[in-house]
Amino acid sequence: MDGYDFRSIEDRWRSFWEQAGLYRTGTRPGAEPFYCLDFFPYPSGSGLSVGHCRNYIPTDVISRKKRMSGFNVLHPMGWDAFGQPAEEYAIKTGVHPSVVTAANTDTYRRQMKLIECSYDWDREINSSSPEYYRWTQAFFLLLYDRGLAYMDESDQMWCPSCRIVLSNEESAGGVCWRCSGEVTRKRLRQWFFRITAYADRLLADLDGLDWPEGIKAMQRNWIGRSEGAEVDFVVELPAGGTSVLPVYTTRLDTIYGATFCVIAPEHPDLERFCTPDRLKSVRDYAELARSRTDRERTLAAERDKTGVFTGASAVNPFSGERIPVWVSDYVLAGYGTAAIMAVPAHDERDHAFARKFGIPIREVIAPGGVPRGVEEAATVADGMLMDSGPFTGLDSAAAREAMASSAEEKGYGRKAMRYRIRDWLVSRQRYWGAPVPMIHCPACGIVPDRDLPVTLPDMESYEPDETGRSPLARADSWVRTKCPDCGGDALRDTNTMAGFACSSWYFLRFASPKYADGPFDPEAVRYWLPVDLYVGGAEHAVMHLLYARFWTKVMYDAGMVDFQEPFRVLLNQGMLLGADHQKMSKSRGNVVTPDDMVQKYGVDALRLYILFMGPFEAELEWSEEGIAGTYRFLRRVWNIVVETQAAPLLPRDADFEKDLKYQLARTVRKVTQDIDTFQFNTGVAAMMEFVNFLAANREEAGTCLQVWREALRDLLVMMAPMTPFISEELGRRCGFTTGDASIHTMPWPEWVESDLVRQSVELAVQVAGKVRARIDVPVDATEDEVRSAALSLDRIREILGGAEPKRVLVVPGRLVNIIP
RNA sequence: GCCGGAGUGGCGGAAUGGCAGACGCGGUGGACUCAAAAUCCACUGUCCGAAAGGGCGUGAGGGUUCGACUCCCUCCUCCGGCACCA
């Protein structure tokens, strides 16, 4: 007998499956569709590590099992190929980014084929090809035509080390999502997508999604809906006259406690509010605030609030009181009205500011009717209003309603709702992206270029510059063009789109990747979409996943698709750490590649270990002893199958046959359920238990060879999605498949319910909740029979010492608990 | 601070109201071998005990229950995310 030689098996079956077209997208008429999608990978230069396998292998197992269960499966792969690393490399070496990208995608594809991911490679797409990005550009125009794309000049997040503007999502926490460097501001004219117009729908529709709670929570938090009121304070201008200063608050109930107002250093009315004697210090302060990074501002202000009095006063419309207007960087320019009423008694930040600058603190809320004192710290809780004019005595919630209505009536305020989310800054001053298909005409203004694709010109150098000008601006002959409207001389927009634009619709392209009359064939999309299962890392929680939801809703509104949410079920694989408990990285030298592992243990052992090592969503550490273990398991399977599949016949053993059927049925049930629920680790454990059972009873194989062979067949079929090579090879050796047939097209096994019925069952007998004995009883024994059987056990009689038990609980099929 | 998730043997983990530690790794002993590797068999939470058996045990404390890793309350720790959003 020959042993388990994974190399020769891999060689043999790879080409066989390739020729058979095993992984082609399902086309069986009448079959249910199943669209199983991995996050769109950016093909980096370092290739795949075993960490990536935690994404691709589980979705591959699901896809394979769905095919075996009769579904038409769409399981595609493609490349999010525009992006910075290839461009940086091009800047350094002069090699065109497309060349670098092609090399990287070749590596990814080779490695994915190496671990035998069952992608339909005929549907491969690449977001940097003109056949793809012409449609990305078409979507830009769709957004533009629907009033959802606009240009605006303002202070934008700027990463000095990447030399690129960032969206709010990409600069969360004041840190660049790609390089983790601190973000500064730069005043630039940029393209935006009006995602804020969809904030309410993006929030509301989260409720219906089968997504991890954490991801939904992050999106809710990011969208950040808040309900409050806008109130107009009137500022007396030093130059004479007045100006309205609207402030946004969620705590209108505290307005009688407002003792000052604060405006952001970037507030447009800042200098108008200043008295001449204050102007210089206010200017200096605003200048200082602007020069610091957001992170510096935040960190500094957490320690110590800063600010300057403007010299102006504002009138509180509720009390008629005049209060000072300050400027401070703890008020953000981009949120609300960039101005607040400050209530130091009931807001921690205002409290800190008031204490520092000696501003009065006036208590107006008494939680539970009891004033808590506000000298030392703010009282943030709701409560009963005090010293609040006609509203005194009301509860906070009621007061907010009453005060908003009253303000509305009198015309100096209104209920208001705010979202934290900002519009999506989508233009980038980079070469390697989809050009914004717009033309700037001196006569007609900004005009869409509908002659798509607007292709990237070839260039000598790709260097961006510090001013935030795109390298495309230097492609003179490309930039100079004619206005599509008036035919006069005009200039192309030199911005490209952020990579997240490309990945906001790619899942639609896979339905009909070669379709030339539009971004997708509507019929194919109707059949395949929305995505049934979407799997990738949690790092895209509020970037890609939010943008893609936004685009989908726009397409829905445009009548292009009939669904509002693109991804029905979302799962995040856990991170895979190195054996040293650190994140795998080149610099730490702890990266493990699939190539090395396949070389040492084979594809099947790698796949099985990835599935077995722990729960799918858990963060886990790589262990080479672990993969050695799954390799040993496969060798055990090999040996037991090869040795017993044609065992010499022995006299029939009906008891064993029944037991074998029982073990098989419970394994099939467990493995089926565990794969369906993404609990691969326990599914593999169940297969291991079953193999242990077979190994322990290998001498019995001949007593019921037919059933034994059925058990081997079902085992191999169940293993097939996880370990495709050994399953195919052993299936062939056993004669379960012949000729052109493959184990991968065999139907998924079903368990026989009646095989799970046993004649007797072992119960634990507890006394006061502690197990003291075990007892075998017939499954159909009545409670009374079980009770008396348990009580008549010697061991139990001994413990009870002749006393009558107070109570006896029988839990059928489980245990007996005797309370003495 | 807020939101989300998690705390179980030497290690990865299993069990979602019913026999805690499945399965795997590691370890110990044995078989095979001249020897080693590989393989196979047995044992492997902890304490007491020669054994039978018993005590303790799922981050801590309380509660509900005949019975709690599982449900409820309070707290601690770790991981991830957000964080002056008024």
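Just so it is clear: chains get the letters A, B, ... in the order the sequence lines come, proteins before strands, and each one is counted from 1.
Salt-bridge formation is not detected for the pair Asp207(A)/Lys216(A): no Lys NZ or Arg NE/NH1/NH2 atom is positioned less than 4.0 Å from an Asp or Glu carboxylate oxygen. Remark: Glu230(A) does not engage Lys415(A) in a salt bridge, criterion side-chain N to carboxylate O under 4.0 Å. Salt-bridge formation is not detected for the pair Asp5(A)/Arg7(A): no Lys NZ or Arg NE/NH1/NH2 atom is positioned less than 4.0 Å from an Asp or Glu carboxylate oxygen.
Nucleotides C71(B) and G1(B) are separated by 25 Å at their P atoms, to the nearest Å. Rounded to the nearest Å, the gap between the P atom of G24(B) and that of U74(B) is 41 Å. Taking atom P in both C23(B) and A15(B), the straight-line distance is 13 Å, to the nearest Å. Taking atom P in both U16(B) and A6(B), the straight-line distance is 14 Å, to the nearest Å. Comparing U46(B) with U33(B), their C1' atoms are spaced 37 Å from each other, to the whole Å. G49(B) and A37(B): their C1' atoms are spaced 39 Å apart (whole Å). Taking atom C1' on both nucleotides, G13(B) is separated from C69(B) by 14 Å, rounded to a whole Å.
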Can you check side chain to side chain donor-acceptor pair (under 3.5 Å) on Glu321(A) and Tyr256(A), steps first, answer last? CA-CA 9 Å; Glu321(A) 189 180 10; Tyr256(A) 283 84; over 6 Å; no
Dump the intermediate steps for salt bridge (charged side-chain N to carboxylate O under 4.0 Å, His left out) on Arg422(A) and Glu169(A), then the final yes or no. CA-CA 9 Å; Arg422(A) 314 284 158 82; Glu169(A) 289 76 20; over 6 Å; no
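Look at CH2 on Trp638(A): it is 17 Å from C1' on U39(B), rounded to the nearest Å. Residue Tyr248(A) contributes atom OH, which lies 9 Å from atom C1' of A86(B) at whole-angstrom precision.
Along RNA chain B, the nucleotide closest to Ala217(A) and the one closest to Thr337(A) are compared, and the more 5′ of them pairs with Ala217(A). Each of Glu213(A) and Thr682(A) was matched to the nucleotide of RNA chain B holding its nearest heavy atom; the match closer to the 5' end belongs to Glu213(A).
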When every nucleotide of nucleotides 47-58 of chain B is labelled 5' to 3' by its protein contacts under 4.0 Å (heavy atoms), B for base, S for sugar-phosphate only, - for none, what sequence of letters results? ------SSSS--
Protein proximity profile, nucleotides 24-33 of chain B - base contact B, sugar-phosphate-only contact S, no contact -, cut-off 4.0 Å on heavy atoms: SSS-------
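With contacts defined as side-chain heavy-atom distances shorter than 4.5 Å, the pair Asp232(A)/Leu245(A) does not qualify.
The partner of G4(B) is C79(B), judged by Watson-Crick or G-U wobble contacts that both fall below 3.5 Å. With a cut-off of 3.5 Å on both pairing distances, A51(B) has no Watson-Crick or G-U wobble partner at all. The pairing partner recorded for U39(B) is A31(B), the criterion being a Watson-Crick or G-U wobble arrangement whose two distances lie under 3.5 angstrom. Nucleotide G57(B) forms no Watson-Crick or G-U wobble pair with any nucleotide shown, as no partner meets the under 3.5 Å limit on both distances. A15(B) is unpaired under the criterion used here, namely a Watson-Crick or G-U wobble arrangement in which both key atom distances are under 3.5 Å. Judged by Watson-Crick or G-U wobble contacts below 3.5 Å, the nucleotide G67(B) has no partner.
Each of A22(B), G12(B), A86(B) was ranked by its minimum atom distance to the side chain of Glu621(A); first place goes to G12(B). Here the nucleotide nearest the side chain of Ile819(A), chosen from C66(B), A86(B), G18(B), is C66(B). In the set C82(B), A86(B), C23(B), the nucleotide with an atom closest to the side chain of Asn221(A) is C82(B).
Scored by the side-chain contact (heavy atoms from CB on, under 4.5 Å) test, Asp784(A) finds Thr782(A), Arg787(A) as partners (sequence neighbours excluded). Every side-chain contact (heavy atoms from CB on, under 4.5 Å) that Ala695(A) has, sequence neighbours left out, goes to Arg636(A), Ile640(A), Arg698(A).
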Could you run down the sub-3.5 Å N/O contacts of the protein with nucleotides 73-80 of chain B?
none

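Contacts of Leu620(A) with the nucleic acid, taken as non-hydrogen atoms under 4.0 Å apart, involve only primed sugar atoms and P, OP1 or OP2. Residue Ala172(A) is in sugar-phosphate contact alone, with no base atom involved, counting any heavy-atom pair closer than 4.0 Å across all strands shown. Within the 4.0 angstrom heavy-atom criterion, no nucleotide atom of any strand lies near Pro212(A). Counting non-hydrogen atoms under 4.0 angstrom, Glu762(A) reaches a base of the nucleic acid. Residue contacts shown for Val765(A) are absent, as no nucleic acid heavy atom lies under 4.0 Å away.
Counting non-hydrogen atoms of other residues, nucleotides and ligands closer than 6.0 Å to CD of Gln582(A) gives a total above 12. Glu699(A) CD: 12 or fewer foreign heavy atoms inside a 6.0 Å radius. The neighbour count for Glu401(A) CD, taken as heavy atoms of other residues, nucleotides or ligands under 6.0 Å away, does not exceed 12.
For Arg635(A), a side-chain nitrogen or oxygen approaches OP1 or OP2 of U39(B) to under 4.0 Å. In this model, the phosphate group of A14(B) is approached by a side-chain N or O of Asn681(A) to a distance below 4.0 Å at OP1 or OP2. Here Arg420(A) does not reach the OP1 or OP2 of C82(B): none of its side-chain N or O atoms lies under 4.0 Å away. Taking only side-chain nitrogens and oxygens, Arg807(A) comes nearer than 4.0 Å to OP1 or OP2 of C66(B).
Annotation: cation-pi geometry satisfied between Lys305(A) and Tyr330(A) (NZ/CZ under 6.0 angstrom from ring centroid, within 45° of ring axis). Cation-pi contact between Arg418(A) and Tyr248(A): present, with separation from the ring centre below 6.0 Å and deviation from the ring axis of at most 45°.
Base orientation for G9(B): syn, the chi torsion being within 90° of 0.
Annotation: side chain to side chain donor-acceptor pair (under 3.5 Å) contacts involving residues 806-820 of chain A, sequence neighbours excluded, are absent.
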